[in-house]
Amino acid sequence: MASKKKGVIVLKKNNKLKVTYSHRNSEMRLVGKRTVKWIRSAGVDAISDYYDKVIMVKEEEPMTEEQKETYKKYIPEQLWPEIENMTWQEALAWTKDAVSPLKDFYPYMVDYSGFVGAWANRWRYIIDLDNNQFIVVRAGLEMLLFDSCDTYPPEYDWMGKVAHTEIGRFPLDNIPEDWIEQCDKYWKSLMIIAVDYSHNKEAMDSEHVQEMGVNGYNPADSDWEKIKFYYGQNSYNKMITDM
């Protein structure tokens, strides 16, 4: 239960992304389940309104006094005295439940759009307000590792070569009770294929897209059309034949 699995919760509207970070427990039965519970309780209209109002901040920006005071309830109480000198990155790493600020419609969101395609990202939960869909994606490290570790063996020299895959897509206003089971069933039906850049046009484009970033932050990542360029959208049920 205490596994450290990084992920993201993505709000998509007008083809633009607002992304929050989940430092741990991002698998479907933890952060995924909490995200679905939030969607059901808040409702699509309220989440859409939140998207419009939430203020995005960069992780390298210092926390204001107001942000320190209002955010501390999301980190362990024993760390409250430390928040005075805490960075946003540290605060997010100590966040007990990444969904709690969303449930509270917390007015600030640290922009993690650039992490959507990162290798260390293991899960994406996309709330697609344009198309009324909830999309579940296994990504990056999650494609190869299934235990609680957050690193990969050096012999896995597959950085940026493994395609993410969508394992579930459901109506936002009617997510089935067995959505996890459906995602698991679909995932187990797939054949995993390592996708080398030299055999995949979209994956090759990834290098160019990521070079546009500055200190790991790429403003272009907030564009829905861009995220496909990280690992490609190829099906795991067929060989790569696009080049």
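On a predicted model such as this, the values are computed, not experimentally measured, just so you know. Side chains included, hydrogens not; waters and symmetry mates left out as well; all remaining heavy atoms used.
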Can you sort out the partners of [X] under side-chain hydrogen bond (donor to acceptor under 3.5 Å, both in side chains), two or more places apart, ordered by chain and number?
| X | result |
| --- | --- |
| Asn14 | none |
| Asn132 | Asp173 |
| Glu181 | none |

Q. Any chance the side chains of Glu66 and Tyr108 put a donor and an acceptor closer than 3.5 Å?
A.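 Judged by distance alone, the side chains do pair up.
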
(Q) For the residue pair Thr95 / Tyr71, report whether a side-chain donor-acceptor contact shorter than 3.5 Å exists. (A)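 Yes, side-chain donor-acceptor contact under 3.5 Å.
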
Q) Side chains of Ile75 and Trp80: does their closest heavy-atom pair fall under 4.5 Å? A)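 In contact.
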
Q: Would you mind reporting whether Lys6 and Arg24 have side-chain heavy atoms less than 4.5 Å apart?
A: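 No, their side chains stay 4.5 Å or more apart.
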
Q. Under 4.0 Å between a Lys/Arg side-chain N and an Asp/Glu carboxylate O for Lys16 and Asp130?
A.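 Answer for the salt bridge query: no.
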
Q. Between OH of Tyr21 and CD of Glu59, what distance do you get to the nearest 0.5 Å?
A.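 If I round to the nearest 0.5 Å, the distance is 9.0 Å.
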
Q) Does the ring of Trp38 carry Lys103 above it, NZ/CZ under 6.0 angstrom from centre and within 45° of its axis? A)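 Relative to the ring axis of Trp38, which defines the angle, Lys103 lies outside at least one limit.
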
Q: Apply the side-chain contact (heavy atoms from CB on, under 4.5 Å) test between Val10 and each candidate in Ile126, Ile127, Asp128; give the one that qualifies.
A: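 With Val10 as partner, side-chain contact (heavy atoms from CB on, under 4.5 Å) holds for just one option, Ile126.
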
Q) Between Lys18 (side chain) and Tyr51 (backbone), is there a donor-acceptor pair under 3.5 Å? A)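 Yes; at least one donor-acceptor contact below 3.5 Å.
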
Q: State yes or no: are the ring centers of Tyr106 and Tyr74 separated by less than 6.0 Å?
A: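 Yes - the distance between ring centres of Tyr106 and Tyr74 falls below the 6.0 Å cut-off.
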
